[in-house]
Amino acid sequence: MGKKSLSGVLITAAMLAVAGCSGGAGTTGETANAPADPGKVSGEIKVLTHRTDLVQNGTMAKYAAEFNKVYPKVKVKFEAITDYEGEVKIRMNTDQYGDVLMIPNAIAKDDYPKFFASLGSETQLGAKYRFIDKSAVGGKVYGVATVGNANGFVYNKAVWKKAGVTDWPTTPDRFLEDLREIKAKTDAVPYYTNFKDAWPLTSPWTGILGSVSCDAQASNKLVTADPWAKGSDLSVADTLLYDVVHAKLSEKDPSTTNWEASKGMIAKGDIATMLLGSWAITQMQDAAEKAGADPDDIGFMPFPAQVGGKFCSVVSADYLQAVSIHSDHKAAARAWVDWFTDKSGFAQNEGSVPTLKASALPSTLKPYTDAGVKLVEVSQSRTGQVNAIDKAAEIGLNTPDYRQKLIDMARGAQKGDLDDYLRDLGKRWNEAAKTAGS
């Protein structure tokens, strides 16, 4: 399986209790302090991970071997989970969810202290790491991002060049015109939605928040603003997705898409473009090598919008590594989180943005650097309120449902008008914000 985007529904400790499994929430106030002496840290820890590919090919075992050179008395065991969001969400109804885990997107931010040990103060860790405000509750940090990702379109440069397009489109209309050229002059599917696997319709598209406006406060502003107001980030993004499908520039039958197969398809030029995070670049390059294609054909372009003549790309946290509040070996678990973040080189190996501020950007983002693309780290300080509004409005910014409906409308599988649909989403959001966002 490989890297998947964040998706799922929000749950709270109260909801877990209703389900009859309230034992999953621990006693708040637990802390996993950074160990001072590696030689004194011991114990066996289980690390839950969504990276089934890296466990299966032995990469994670190599990281553990390097970790053991510093922490020889700690044994690290990995459990790779295919349906990570679904399975771990259920496990967290108990106290058996590993020692270290990636925080499921299903857990509401304000409930982090009930499930995870504090890693320190927001002020202290924020000086060292990116994305800290995403996991900070009450001034304490409960998770550290494994990596960060820039958003944009992974594309096959050879296909785009064959269609006569060599410059990045600067507007949604230009992007659509370029896809039309690809459809007319090549055999490739201009854009691939990955509709069936669903998760590519969640965070990659919601992650446009901040790219169109080049605004680091784009997410926080959702507490008081209609996300689908005309010209807003999500309005522009969702309209583009609708227009791509409506113009028949995507796959013929979205119900038959396949994420794993799409890697080889874009590598070989059967697919021209997909919206994904920068983490996907190395995966598509690997797919090209396996397919006997040229890895250099895999490119990465920003969303087609500019502010002041400059592209902007949001850089956001991937999964957050956390220490379970129930772990019997919190020092060993914290040692793994710190080493993996600071010393493993995982971010560079994956072509991702390092969480450690002192680390350099990966070579995969050199095209962004060379083109002067502005990287915008969007604040997540009001994520708890945004989550509450989203839940009350029953929309699901981080679930695929509303965009799957949008695609079905665009292809004629459901009745509906785009403008009416976005207005209804905004109305529901604004009504929910009157009470839930306070």
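The analysis underlying the following values was restricted to heavy atoms, covering all of them including side chains, and did not include hydrogens, waters or symmetry mates.
- The pair Lys405-Asp401 does not count as a salt bridge, with every side-chain nitrogen at least 4.0 angstrom from each carboxylate oxygen.
- Under 4.0 Å is where a charged nitrogen must lie from a carboxylate oxygen, and between Glu85 and Lys89 no such pair does.
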Next item on the list: For the pair Phe115 and His326, evaluate ring pair (Phe, Tyr, Trp, His ring centres under 6.0 Å) and give the outcome as yes or no after the intermediate values.
Entry: CA-CA 8 Å; Phe115 298 98; His326 299 289; 8.2 Å; no
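- Nearest heavy atoms, Val88 versus Pro104: CG1-CG, 3.5 Å.
- Checked by atom type, the side-chain pair Tyr402/Asp238 shows a donor-acceptor distance below 3.5 Å.
- In terms of heavy atoms, Trp259 sits closest to Met284 at CH2-CE, 3.6 Å.
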Next item on the list: With side-chain hydrogen bond (donor to acceptor under 3.5 Å, both in side chains) as the test, would you mind laying out the steps for Gln217 and Asn220 before giving the verdict?
Entry: CA-CA 5 Å; Gln217 295 299 319; Asn220 291 338; 2.8 Å; yes
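- In this structure, the side chain of Thr364 does not engage the main chain of Ile281 through any donor-acceptor pair within 3.5 Å.
- In summary, the side chains of Thr383 and Gln380 do present a donor paired with an acceptor at a separation below 3.5 Å, with no hydrogens or angles considered.
- Panel note: side chain Glu377, backbone Phe131; a donor-acceptor pair is recorded below 3.5 Å.
- Residues Pro172 and Asp243 form no side-chain contact, since every pair of their non-hydrogen atoms from C-beta on lies 4.5 Å or further apart.
- Scanning both residues, Thr273 and Pro190, for their nearest heavy atoms gives OG1-O, 2.9 Å.
- Checked by atom type and distance alone, the side chain of Asn194 never pairs as donor or acceptor with a backbone atom of Pro200 at under 3.5 Å.
- Shown are Thr171, Thr170, Asp178; of these, the side-chain hydrogen bond (donor to acceptor under 3.5 Å, both in side chains) with Arg174 is made only by Asp178.
- Smallest separation of non-hydrogen atoms from Gly143 and Ser135: O-OG, 2.6 Å.
- Between Asp286 and Lys290 there is no salt bridge, since none of the side-chain N atoms of the basic residue sits less than 4.0 Å from a carboxylate O of the acidic one.
- Remark: the Ser379 side chain and the Ser381 side chain contain an N/O donor-acceptor pair separated by less than 3.5 Å.
- In this structure a side-chain-to-backbone donor-acceptor pair under 3.5 Å is missing from Asp111 to Ile107.
- The distance from atom OG of Ser313 to atom CG of Leu365, rounded to the nearest 0.5 Å, is 7.5 Å.
- There is a side-chain donor-acceptor pair under 3.5 Å between Asp253 and Ser255.
- Put simply, the side chain of Lys75 does not reach to within 4.5 Å of the side chain of Ile45, judged on heavy atoms.
- A side-chain donor from one of Asn149 and Asp318 sits under 3.5 Å from a side-chain acceptor of the other.
- Val353 places a side-chain heavy atom less than 4.5 Å from the side chain of Leu361.
- Under 3.5 Å, the side chains of Ser213 and Asp233 contain a donor-acceptor pair of N or O atoms.
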Checklist line | Phe300 and Ser278: CA distance, side-chain angles, deciding distance, side chain to side chain contact (heavy atoms under 4.5 Å, CB included) verdict | finding: CA-CA 7 Å; Phe300 195 61; Ser278 56; 3.9 Å; yes
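- No side-chain N or O of Glu251 forms a donor-acceptor pair with one of Thr257 less than 3.5 Å apart.
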Next item on the list: Take Ile81 and Thr52, measure what side chain to side chain contact (heavy atoms under 4.5 Å, CB included) needs, and give me the verdict at the end.
Entry: CA-CA 6 Å; Ile81 302 171; Thr52 55; 5.7 Å; no
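- Few gaps surround CG on Asp417; more than 12 heavy atoms of other groups in view lie less than 6.0 Å from it.
- With salt bridges taken as basic N to acidic carboxylate O contacts below 4.0 Å, none links Lys330 and Asp99.
- A donor-acceptor pair under 3.5 Å is formed between the side chain of Arg130 and the backbone N or O of Pro354.
- For Tyr84 and Tyr319, the ring centers sit closer than 6.0 Å to each other.
- At a threshold of 4.5 Å between non-hydrogen side-chain atoms, the residues Val244 and Leu176 count as touching.
- Taking all atoms of both residues into account, the shortest heavy-atom contact from Ser219 to Val378 is CB-CG1, 3.7 Å.
- Between Leu222 and Ile389 there is no side-chain heavy-atom pair separated by less than 4.5 Å.
- For NZ of Lys157, the number of neighbouring non-hydrogen atoms (other residues, nucleotides, ligands) closer than 6.0 Å is greater than 12.
- By the 6.0 Å contact criterion, NZ on Lys357 is enclosed, its count of non-hydrogen atoms from other residues, nucleotides or ligands being greater than 12.
- Ring-centre distance between Phe67 and Phe340: not below the 6.0 Å cut-off.
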Next item on the list: Check step by step if side chain to side chain contact (heavy atoms under 4.5 Å, CB included) holds for Val47 and Tyr63.
Entry: CA-CA 12 Å; Val47 178; Tyr63 283 123; over 6 Å; no
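- Not a single donor-acceptor pair under 3.5 Å links the side chain of Arg91 to the backbone N or O of Tyr97.
- Side chain to side chain, Tyr155 and Trp168 meet the donor-acceptor criterion of an N or O pair below 3.5 Å.
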Notebook entry, point to check: Going through the checks in order, is the side-chain hydrogen bond (donor to acceptor under 3.5 Å, both in side chains) test met by Trp160 and Thr186?
Noted result: CA-CA 9 Å; Trp160 278 66; Thr186 77; over 6 Å; no
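- In this structure, Phe153 has its ring center under 6.0 Å from that of Phe175.
- Using a 4.5 Å heavy-atom cutoff, the side chains of Leu397 and Trp429 are in contact.
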Notebook entry, point to check: Do Arg403 and Thr206 pass the side-chain hydrogen bond (donor to acceptor under 3.5 Å, both in side chains) test, and can you show the C-alpha distance, the side-chain angles, and the key distance before you say yes or no?
Noted result: CA-CA 10 Å; Arg403 287 197 183 93; Thr206 301; 3.0 Å; yes
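- Counting only N and O atoms by type, the side chains of Ser211 and Asn151 include a donor and acceptor under 3.5 Å apart.
- With hydrogens and angles left out, the side-chain atoms of Trp339 and Glu66 include no donor and acceptor closer than 3.5 Å.
- Asn68 places a side-chain N or O within 3.5 Å of a backbone atom of Val74 that can act as its donor or acceptor partner.
- In this structure, the side chain of Tyr192 engages the main chain of Asn258 through a donor-acceptor pair within 3.5 Å.
- Using a 4.0 Å cut-off between charged side-chain N and carboxylate O, Glu394 and Lys391 make no salt bridge.
- Between the side chains of Arg51 and Thr59, no donor N or O sits under 3.5 Å from an acceptor N or O.
- The nearest pair of heavy atoms linking Leu275 to Tyr191 is N-OH, 3.2 Å.
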Note to self: Is there a ring pair (Phe, Tyr, Trp, His ring centres under 6.0 Å) between Tyr242 and Trp205? Walk through the geometry before answering.
What the structure shows: CA-CA 12 Å; Tyr242 179 94; Trp205 284 95; over 10 Å; no
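- No donor-acceptor distance shorter than 3.5 angstrom exists from the side chain of Lys374 to the backbone of Cys214, with no hydrogens or angles considered.
- With hydrogens and angles disregarded, a donor-acceptor distance shorter than 3.5 Å links the side chain of Thr399 to the backbone of Gly396.
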Next item on the list: Could you give me the CA-CA distance, side-chain angles and deciding distance for Val376 and Asp215, then say whether side chain to side chain contact (heavy atoms under 4.5 Å, CB included) is met?
Entry: CA-CA 7 Å; Val376 180; Asp215 185 359; over 6 Å; no
